[in-house]
Q: 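The structure follows.
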Amino acid sequence: MIIAVTNLKGGVGKTTISTNLGVALAHLNYDVCIVDTDEQQQSAMEWASSRESDKKQITVVGLKEKQLESGIFQLAEKYDIVIIDGSPQLDRLANVVLAVSNIIIIPIAPSIYDYRGFELFYKRYTDIEEIARMKGKKMQAFVLLNSIKPNSRVLKDIELGVKEFDIQRLNTMITDRVAYVDTATIGLGVVEYRDPKAKIEMENLAKEIENIIKNY
């Protein structure tokens, strides 16, 4: 199963979601690989380099655009779940990431700028999904509200806005917590950290994704 965590806009938490979801799924006994497509920052690769060997093994590899189309399917044969940490703003790479994925998670932070970026991304997704459907391939996309501040006005506006699109929102919402920042620097997932609320959030997300996979 190939899962893309992607959005054309930067700063929406793609790497944070990719690494934490990967760890949470590994703790559900899935063999997980994360693909870092950002040739410049390589944040997922950096996260992996800080991860201690006694933790659940998460393979992280870097694939460039030209390697992705062929390499991703080889990885999918080897691992239960491959998570693509999708780079922002690179048009052709974004198209390839969408085209090779089975499930697409689109993180949106509670900002009007993020919502407008989602509108552009949704148009791209629907174009590629239509082509995939004509070829007999199934794709599913889901919005994930990330870095939220509960009860904020912007959050409520974005929730209402997303309902206008033919796309499902994941039930799990990821809150703006220090634990996500702290674990990024030491190669951990929040399910392995000391913040019980963050742990529950990510466990819920992993179980929700697991259910989607089982019903795919």
Side-chain angles (χ1 to χ4, degrees), residues 1-26 32-51 55-76 78-79 81-109 111 113-125 128 139 141-147 174 176 179-190 202 205-206 209:
M1 182 63 63
I2 302 172
I3 301 173
V5 181
T6 186
N7 193 325
L8 292 179
K9 186 179 181 301
V12 294
K14 292 183 291 295
T15 300
T16 298
I17 298 301
S18 297
T19 53
N20 276 282
L21 178 60
V23 171
L25 287 168
V32 178
C33 175
I34 298 173
V35 175
D36 190 334
T37 62
D38 192 332
E39 295 182 35
Q40 296 182 336
Q41 294 190 8
Q42 295 186 320
S43 299
M45 298 279 285
E46 184 177 346
W47 171 85
S49 69
S50 301
R51 188 166 177 79
K55 300 302 179 184
K56 282 277 188 180
Q57 183 178 357
I58 310 289
T59 301
V60 180
V61 300
L63 290 182
K64 298 179 181 179
E65 178 188 319
K66 293 181 179 179
Q67 301 171 312
L68 188 61
E69 289 183 82
S70 58
I72 196 71
F73 296 113
Q74 294 174 9
L75 291 171
K78 183 177 179 181
Y79 296 92
I81 298 173
V82 178
I83 299 174
I84 304 176
D85 179 11
S87 298
Q89 300 175 341
L90 300 176
D91 285 352
R92 171 159 168 74
L93 178 57
N95 289 346
V96 173
V97 167
L98 288 173
V100 300
S101 300
N102 306 113
I103 296 169
I104 295 108
I105 299 173
I106 308 168
I108 303 178
S111 154
Y113 304 110
D114 285 70
Y115 179 72
R116 289 171 180 166
F118 162 71
E119 291 180 302
L120 296 173
F121 187 85
Y122 179 79
K123 175 63 169 62
R124 177 167 301 194
Y125 163 73
I128 292 175
M139 296 171 64
F142 301 87
V143 167
L144 173 63
L145 297 181
N146 186 40
S147 299
I174 305 302
D176 184 12
Y180 292 104
V181 178
D182 290 347
T183 52
T185 62
I186 52 177
L188 293 179
V190 292
M202 197 51 59
L205 178 61
I209 296 301

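No experiment lies behind these values; they were computed from the predicted model shown.
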Q: Quick check: do Ile105 and Ile209 have side-chain heavy atoms less than 4.5 Å from each other?
A: yes
Q: Between Gln67 and Lys64, is there a donor-acceptor pair closer than 3.5 Å when you use the side chain of the first and the backbone of the second?
A: yes
Q: Would you say Ile104 and Ile106 make side-chain contact, with heavy atoms under 4.5 Å?
A: yes
Q: In sequence, state the C-alpha distance, the side-chain angles, and the governing distance for Ile84 and Val100, and then conclude on side chain to side chain contact (heavy atoms under 4.5 Å, CB included).
A: CA-CA 10 Å; Ile84 304 176; Val100 300; 3.8 Å; yes
Q: Checking the side chain of Arg51 only, and the main-chain atoms of Lys56 only, is there a donor and an acceptor separated by less than 3.5 Å?
A: yes
Q: Would you say that more than 12 heavy atoms from the other residues, nucleotides or ligands in this model lie under 6.0 Å from the CD of Gln42, or not?
A: yes
Q: Can you check whether Val35 reaches Asp85 side chain to side chain, under 4.5 Å on heavy atoms?
A: no
Q: Calculate, to the nearest 0.5 Å, the distance between atoms CE and CD1 belonging to Met139 and Ile128 respectively.
A: 6.5 Å
Q: Is a donor on one side and an acceptor on the other found under 3.5 Å between the side chain of Asp36 and the backbone of Val61?
A: no
Q: How would you list, by chain and number, every residue that makes a side chain to side chain donor-acceptor pair (under 3.5 Å) with Tyr125, sequence neighbours excluded?
A: none
Q: Begin with the C-alpha distance, continue with both residues' side-chain angles, and end with the deciding distance and a verdict on side chain to side chain contact (heavy atoms under 4.5 Å, CB included) for Asn102 and Ile3.
A: CA-CA 6 Å; Asn102 306 113; Ile3 301 173; over 6 Å; no
Q: To the closest 0.5 Å, what do you measure between NZ (Lys66) and CG (Leu93)?
A: 12.5 Å
Q: To check you understand the geometry: which heavy-atom pair defines the closest contact between Thr6 and Leu98, and what is its length?
A: CG2-CD2, 4.2 Å
Q: Identify the two heavy atoms, one from Thr19 and one from Ile34, that lie closest to each other, and give their separation to 0.1 Å.
A: CA-CD1, 3.7 Å
Q: Run the side chain to side chain contact (heavy atoms under 4.5 Å, CB included) check on Ile174 and Tyr180 step by step: do they pass?
A: CA-CA 10 Å; Ile174 305 302; Tyr180 292 104; 3.6 Å; yes
Q: Between Ser147 and Asp176, do the side chains contain an N or O donor and an N or O acceptor separated by less than 3.5 Å?
A: no
Q: If you take all heavy atoms of Ala26 and Ile58, which pair is closest and at what distance?
A: CB-CD1, 3.4 Å
Q: Can you establish whether the number of heavy atoms outside Glu119 located under 6.0 Å from its atom CD is more than 12?
A: yes
Q: What are the two closest non-hydrogen atoms of Arg124 and Asn95, and how far apart are they?
A: CD-OD1, 3.0 Å
Q: Hey, are the side chains of Ile186 and Ser50 touching, using non-hydrogen atoms and a 4.5 Å cut-off?
A: no
Q: Of all heavy-atom pairs between Lys14 and Asn7, which one has the smallest distance, and what is that distance?
A: CD-N, 3.5 Å
Q: Does any N or O in the side chain of Trp47 come within less than 3.5 Å of the main-chain N or O of Leu188, such that one atom is a donor and the other an acceptor?
A: yes
Q: When you measure from the side chain of Asn146 to the backbone N and O of Pro107, does any donor-acceptor pair fall under 3.5 Å?
A: no
Q: Using the side chain to side chain contact (heavy atoms under 4.5 Å, CB included) rule, take Ile2 and Ile81 through it: C-alpha gap first, then chi angles, then the decisive distance, then the call.
A: CA-CA 6 Å; Ile2 302 172; Ile81 298 173; over 6 Å; no
Q: Looking only at heavy atoms, what is the nearest atom pair of Leu63 and Ile72, with distance?
A: CD1-N, 4.2 Å
Q: Starting at CD of Glu65, measure out to OG1 of Thr37 and round the result to the nearest 0.5 Å.
A: 10.0 Å
